[in-house]
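Heads up: the structure comes next, in structure tokens.
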Amino acid sequence: MEPGNDTGISEFLLLGFSEDPELQPLIFGLFLSMYLITVFGNMLIILAVSSDSHLHTPMYFFLANLSFVDICFTSTTIPKMLWNIQTQSKVITSLGCIVQMYFFILFTGLDIFLLTVMAYDRFVAICHPLHYMVLMKPRLCGLLVLVSWIISILHSLLESLMVLQVSFCRKVEIPHFFCELNQMIQLACSDTFLNNIVVYFAVVLLGGAPLVGVLYSYSKIVSSILGISSAQGKYKAFSTCASHLSVVSLFYCTGLGVYLSSAATQSSHSSAVASVMYTVVTPMLNPFIYSLRNKDIKKVLMRFSGMTALKGSTVLG
């Protein structure tokens, strides 16, 4: 890398996973498949929730929002990576890099806040079932989602503007498949002390606080479930939050795994590979978790498949 720095740098290089030409078709096919499954699966969830009046409840309202965010989340990074592989180019413009980083931070924050709001929804449903419809009014649900968007937008804007203030070396190679905030800060040639302070503060406030909220909600939920006398009642109560608990565990465990593994190995390549778990795999698995463990969603999806099969037989006939 050339010495010196330049605040007006026009492009970056995304190194991706491997420079081996023989592996590129495999990587392209794998990520294209995962991306299409993610988009299709989450679109089905949104379609199911919007089309069935029985699913017009706070829980499914938040689920539809989460599915939309997951589609946007993967669309921020995967299409650009696929395009670079197809064109055999690693270049991303500086503006494109900042925009990609902005939306990645935005949708990561939205994922965290929506999972926290969904935990609160399950807490009210199980611990205060008689007051559920009073507490979880449509207006409050909309307000919770709106506040999540506002906080995420402001946080993402702050982080992006902070990165714009630093200068980079004239030839910047990002050892990742997208413009990730930590990688950008590490590659900067100027002082990044303030950037690191903002990042650590955001992690504690916007990452740690929601996690504490989720853990508190589920501690109360578990306490309430244990207080139910019948085994059938316990199973019914647990089944209403099992899918959400699975998604929360998957998201936080993979996210923490990425940063712990990158801190332990000090390898940017290892960090890029580990990032696939929460940037691609988790959004892809979410629709399967909710559809397989949720009878209401399965009924609607089965009705869709039946209608599709009926239309197909009509056309063939």
Side-chain angles (χ1 to χ4, degrees), residues 1-32 34-35 73-108 156 159-196 198-200 203 254-255 257-281:
M1 193 173 291
E2 297 178 21
N5 52 40
D6 182 10
T7 55
I9 191 167
S10 61
E11 61 185 33
F12 298 92
L13 297 178
L14 294 172
L15 300 185
F17 299 101
S18 173
E19 296 184 9
D20 188 350
E22 295 181 358
L23 289 178
Q24 298 309 305
L26 176 62
I27 296 173
F28 181 87
L30 178 63
F31 277 86
L32 177 61
M34 290 193 292
Y35 178 65
F73 188 38
T74 52
S75 298
T76 301
T77 57
I78 304 303
K80 176 57 180 175
M81 186 193 72
L82 295 176
W83 174 259
N84 282 3
I85 293 176
Q86 186 67 21
T87 58
Q88 298 182 353
S89 170
K90 299 179 183 297
V91 174
I92 182 171
T93 63
S94 58
L95 176 61
C97 196
I98 294 296
V99 170
Q100 186 182 65
M101 184 183 66
Y102 171 83
F103 282 108
F104 182 80
I105 298 171
L106 168 64
F107 293 122
T108 301
S156 184
E159 296 284 13
S160 301
L161 290 175
M162 292 289 293
V163 171
L164 285 174
Q165 301 306 310
V166 303
S167 57
F168 297 93
C169 298
R170 293 188 185 121
K171 183 181 178 183
V172 179
E173 296 180 343
I174 303 174
H176 221 298
F177 65 96
F178 66 96
C179 295
E180 200 260 343
L181 176 61
N182 288 334
Q183 293 290 337
M184 297 285 287
I185 293 175
Q186 290 175 15
L187 293 173
C189 292
S190 58
D191 181 39
T192 58
F193 176 76
L194 190 56
N195 296 76
N196 287 317
V198 172
V199 169
Y200 292 142
V203 168
T254 53
V258 168
Y259 289 100
L260 291 176
S261 64
S262 60
T265 60
Q266 295 296 321
S267 170
S268 299
H269 179 72
S270 299
S271 176
V273 174
S275 295
V276 175
M277 288 302 298
Y278 79 97
T279 58
V280 184
V281 176

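Interatomic distance, Ile92 CD1 to Met81 CE, rounded to the nearest 0.5 Å: 12.5 Å. Atom CG in Leu187 sits 10.5 Å away from atom CD in Glu180 (nearest 0.5 Å). Atom CD of residue Gln100 and atom CD1 of residue Ile105 lie 11.0 Å apart, to the nearest 0.5 angstrom. Note that CZ of Phe73 and OG1 of Thr108 are 3.5 Å apart. Values are rounded to the nearest 0.5 Å. A distance of 8.5 Å separates CG in Leu13 from NZ in Lys90, rounded to the nearest 0.5 Å. Put simply, CG on Leu23 and CZ on Phe28 are 15.0 Å apart, with the number rounded to the nearest 0.5 Å.
No donor-acceptor pair closer than 3.5 Å links the side chain of Glu11 to the backbone N or O of Val91. For Glu159 (side chain) and Tyr102 (main-chain N/O), no donor-acceptor pair under 3.5 Å exists by modelled atom type.
Listed by chain and residue number, Phe104, His176 satisfy the ring-ring contact (aromatic ring centres under 6.0 Å, His included) test with Phe178 (two or more places apart in sequence, or in another chain).
Looking at Val163 and Phe168, their side chains come closer than 4.5 Å, going by heavy atoms from C-beta outward. With contacts defined as side-chain heavy-atom distances shorter than 4.5 Å, the pair Ser94/Val172 does not qualify. Two residues are said to be in side-chain contact when any heavy atoms from C-beta on lie closer than 4.5 Å; Leu161 and Leu164 meet this criterion. By the 4.5 Å heavy-atom criterion applied to side chains, Phe177 and Val276 are counted as neighbours. The shortest side-chain heavy-atom distance between Val280 and Ile78 falls under the 4.5 Å cut-off.
The minimum heavy-atom distance linking Cys97 with Ile174 is given by the pair SG-CD1, 3.9 Å. Considering all non-hydrogen atoms of both residues, Ser190 and Ser167 come closest at OG-N, 3.0 Å. Ala188 approaches Val166 most closely through the heavy-atom pair CB-CG2, 4.0 Å.
Summarising the local packing, CZ of Phe103 is surrounded by 12 or fewer heavy atoms from other residues, nucleotides or ligands at distances under 6.0 Å.
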**Study point:** side-chain contact (heavy atoms from CB on, under 4.5 Å) evaluation trace for Leu194 with Met162
**Key:** CA-CA 8 Å; Leu194 190 56; Met162 292 289 293; 3.5 Å; yes
Review point. Please walk me through it: do Ile185 and Asn196 pass side-chain contact (heavy atoms from CB on, under 4.5 Å)?
Key: CA-CA 8 Å; Ile185 293 175; Asn196 287 317; 3.5 Å; yes
**Study point:** Worked verdict on Ile98 versus Cys179 for side-chain contact (heavy atoms from CB on, under 4.5 Å)
**Key:** CA-CA 7 Å; Ile98 294 296; Cys179 295; over 6 Å; no
